[in-house]
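Each chain gets a letter, A, B and so on, in the order its sequence line appears, and its residues count up from 1.
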Amino acid sequence: MTSCDYPNFKTHFAELLRQAAYTIISPDTAIRIELTRTKQASHGDYSCNLAMQLAKSLHQSPRDIANKLIDAMPASLYLDKAEVAGAGFINLFLTHAAKQQCAHQVLQHPDTYGKSDYGHDKKIQVEFVSANPTGPLHVGHGRGAAYGASLANVLTAAGFNVSREFYVNDAGRQMDILTLSTWLRYLELNDIYIPFPQNAYQGNYVSVMAQLIHQAHADRYVHQPKLLLDGLPDSVLKAVVTTDEHLDILIGNAKKILGQDYAYFHNFVLTEQLGDCRNDLMEFGVEFDVWFSEQSLYDNGSVARTMELLEEKKYLYEQDGAIWFRSTDFGDEKDRVVQRENGQYTYFASDIAYHLNKFERGFEQVINIWGADHHGYIPRVKGALQALGLDSDKLEIALVQFAVLYRDGKKAPMSTRSGEFVTLRELREEVGKDAARFFYVMRKSDQHLDFDLDLAKSQSNENPVYYVQYAHARICSVLAQWDGQMSDLETADTATLTNPVELTLLQKLIDFPDTVEMAAKEYSPHLIAFYLRELASEFHSYYNSTRFLVPEIPLQNARLALIAAIRQVLNNGLTLLGVSAPDKM
RNA sequence: GUGCCCGUAGCUCAAUCGGAUAGAGCACCAGCCUUCUAAGCUGGGGGUUACAGGUUCGAUUCCUGUCGGGCACGCCA
């Protein structure tokens, strides 16, 4: 937390302007005072457009109002000057002393600098990745993982009480298809060849799981494979065409044949895939507080109970043998099935129960991070929450556009079915965790991401992450060659830091807490990435223009205090993004 | 066909919920290492923010239309 003797200047000056404003307008007038950082040094450090906002209602020129506001502003020892510019902007200039003090601030509160209580400990959940445990995570999941983890870190830093959650789709058809796929591969290992459906899981990891079972249990689960083809047309035998119906028949037959042993296979592949997924994410620096099982919602009756609730509120009806939810009442384009003709609940049904459960756990804000291809799914989920009498505005869906892979200048396929996908693990091994994490959050999450594999692999030293890390390593190197005590820098006299580049750097350090807050407010961790690049850029420029280890001790200590503070902020920022800050490169 | 998102430098992307002269990186050109890490720095060329209107002190941002691109439109998950 920032200590009370060193203010947030945006907040501080906004308050002064508020007091000034109420000398010329009625105190019960609602005004929004927003300070923005200026782009040009000649415009000062902070700028406010309040005068232009008031111009219309006061019937005065913006510049006249601006002058009145400046005259009415209470004095501040941090304010060097305030002036009117342009159409009526009020430009505020910080004193050098105010900026120089920031270096001390950072060094005296190294781990907490950048944090704030903006979130007021509000209980917030971030649910992300939530990939089907039916195969390895691919590079599309990687983006959701990097975004979600960074966002959760940013929210935590901004003072929210964050819970990271992974929703495990352990119930449903996709798991059954994987189970069937594994059993078929297992049968092959026992020299029993049943045509492998083209719409089953083709990936090599399926065979690997089958081998594990075969090694442990030999032919124990062979049973009567011929019965598997009961009720299927001959075309399936030739493995030319298999439809979804064929697959469902195969699954049904497998369940019948295997009996209790089906549960063994199902559980084995789930445990195996989930473990792999958890491990993969951990190596990517992404961890979760809660792994929430979809199956548990069936086991404890939550799904049935949720459906009863909707039934009581008259939002369900029967048609064509299925049960429908009236999502059109809430703006969806059509009503949606919650229970199929065959009596099975749909994924949507358990999802409603899941979201009800989230609210019952007391989260004041819930963020779901979904792939952008799910955008059509939003109205029905929000509709269901409204039907249950909940405030759907407390559910924020952050859509993450898929990363489109390019290989040899062409789009590369990345379906989990085709077996040709690029996995997150492969990507990590090729470009490293740090580069992958940084690269993923370099751009706004709702923008398409072109991921050029050749570039990322062959020219990874061009990745911007090295630029930032290099700045950190350079500072470490300088400080290692200095023989003083770090504690001396905490109180070093920084009054000599008056060069433009030094003042720019100090202002940049002051900006860090505001940047974190903005990133939290806008759910935009990419702002941190851009901030770090700018800070690193200004540092590299400083490094090339100014020597730090100089004979004059007071001057040396002042400069070292500044670069030590920069190192700390680089470290704090990189940590938010899950990227390491190396001492050497 | 309907709905949602998007269109900014040659390429990949920014632009603090409408602000001042639209910014970076890569690529290209010209310079800087007997001195703290050259994975760096300095300078330069590059734009009618897809197009046409509208709203106002002010538009890349908001509204309408056109063109172009992506995604979604299952009793799948």
Heavy atoms under 4.0 Å is the rule here; annotate nucleotides 3-12 of chain B 5' to 3' with B where the base is hit, S where only the sugar-phosphate is, and - elsewhere. BB-------S
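In this structure, the nucleotide among B:C71, B:U37, B:C41 sitting nearest to the side chain of A:D373 is B:C71. For A:K56, counting side-chain heavy atoms from C-beta on, the closest listed nucleotide (B:U56, B:G40, B:A38) is B:U56. Ranking B:C75, B:A39, B:G19 by closeness to the A:Y466 side chain, first place goes to B:A39. Residue A:R547 has its side chain nearest to B:U35 when only B:C75, B:U35, B:A38 are considered. Distance from the side chain of A:T38 is smallest to B:A20 among B:U16, B:U37, B:A20.
Side-chain to base pairing of A:S47 with B:A20: one donor and one acceptor N or O lie within less than 3.5 Å of each other.
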For RNA chain B, please output the secondary structure as dot-bracket, reading 5' to 3'. Pairs are Watson-Crick or G-U wobble, both atom distances under 3.5 Å; mark crossing pairs with [ ], other-strand partners with |, unpaired with a dot. (((((((..((((.....[...)))).(((((.......))))).....(((((..]....))))))))))))....
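Between B:A52 and B:G18, the two P atoms lie 24 Å apart (nearest whole Å). Nucleotides B:C26 and B:G40 are separated by 7 Å at their P atoms, to the nearest Å.
Both geometric conditions, a ring-centre gap below 5.5 Å and a plane tilt below 30°, are not fulfilled together for A:H374 over the base of B:A72.
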In residues 511-520 of chain A, what donor-acceptor pairs under 3.5 Å come from side-chain atoms, sequence neighbours left out?
from, atom 1, to, atom 2, distance (Å)
A:D511, OD1, A:R37, NE, 2.8
A:D511, OD1, A:Q507, NE2, 3.1
A:D511, OD2, A:R37, NE, 2.9
A:D511, OD2, A:R37, NH2, 3.3
A:D514, OD1, A:N8, ND2, 2.9
A:T515, OG1, A:D511, O, 2.9

Quick one: side chains of residues 524-531 of chain A, donor-acceptor pairs under 3.5 Å with protein atoms, not counting sequence neighbours, listed by atom name and distance.
from, atom 1, to, atom 2, distance (Å)
A:S524, OG, A:E522, O, 2.9
A:Y531, OH, A:K508, O, 2.6

Anything under 3.5 Å between a donor and an acceptor, one on a side chain of residues 60-67 of chain A, the other on a protein residue two or more places apart or in another chain? List them.
from, atom 1, to, atom 2, distance (Å)
A:Q60, OE1, A:K68, NZ, 2.7
A:S61, OG, A:D64, N, 3.2
A:S61, OG, A:D64, OD2, 3.3
A:R63, NH1, A:G86, O, 2.7
A:N67, ND2, A:R63, O, 3.2

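For B:A15, the OP1/OP2 oxygens have a side-chain nitrogen or oxygen of A:K444 closer than 4.0 Å. A:Y467 has a side-chain polar atom (N or O) that falls below the 4.0 Å cut-off from OP1 or OP2 of B:C41.
Checked for salt-bridge contact, A:E127 and A:K358 meet the test: a charged N lies under 4.0 Å from a carboxylate O.
Residues from residues 83-93 of chain A that place a heavy atom under 4.0 Å from any atom of RNA chain B, listed by number: A:A85, A:F89, A:N91. Taken residue by residue, residues 338-353 of chain A places heavy atoms nearer than 4.0 Å to RNA chain B at A:R340, A:E341, A:T346, A:Y347. Contacts between residues 518-530 of chain A and RNA chain B, counted as heavy-atom distances below 4.0 Å, involve A:M518, A:H526, A:F530. Interface residues of residues 474-481 of chain A facing RNA chain B, ordered by number: A:R474, A:S477, A:V478, A:Q481; criterion, heavy-atom separation under 4.0 Å.
Each side chain to side chain donor-acceptor pair (under 3.5 Å) pair with one or both residues in residues 369-383 of chain A, not counting sequence neighbours, appears once here: A:D351-A:Y377.
Within the nucleic acid shown, A:H43 comes within 4.0 Å of at least one base atom, counting heavy atoms only. A:R32 comes within 4.0 angstrom of a base, heavy atoms only. Using a 4.0 Å heavy-atom distance criterion, A:D583 is classed as a base contact.
No side-chain donor-acceptor contact under 3.5 Å links A:N169 and A:Q174. The closest side-chain donor-acceptor pair between A:Q481 and A:S477 falls under 3.5 angstrom. No hydrogens or angles considered: nothing links the side chains of A:Y354 and A:E294 as a donor-acceptor pair under 3.5 Å.
With A:Y440 as the aromatic partner, A:R443 does not meet the cation-pi criteria of under 6.0 angstrom to the ring centre and within 45 degrees of the ring axis.
Taking NZ of A:K115 as the start and CG of A:L576 as the end, the distance is 8.5 Å to the nearest 0.5 Å.
A:L35 meets the side-chain contact (heavy atoms from CB on, under 4.5 Å) test with A:K10, A:F13, A:A14, A:L17, A:C48, A:L92; sequence neighbours excluded.
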Short heteroatom pairs, N/O only, protein and nucleotides 58-60 of chain B, under 3.5 Å:
none

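Between A:Y147 and A:Y523, the ring center distance fails the sub-6.0 Å criterion. Between A:F330 and A:Y315, the ring centre distance stays below 6.0 Å.
Its glycosidic angle being more than 90° from 0, B:C17 falls on the anti side.
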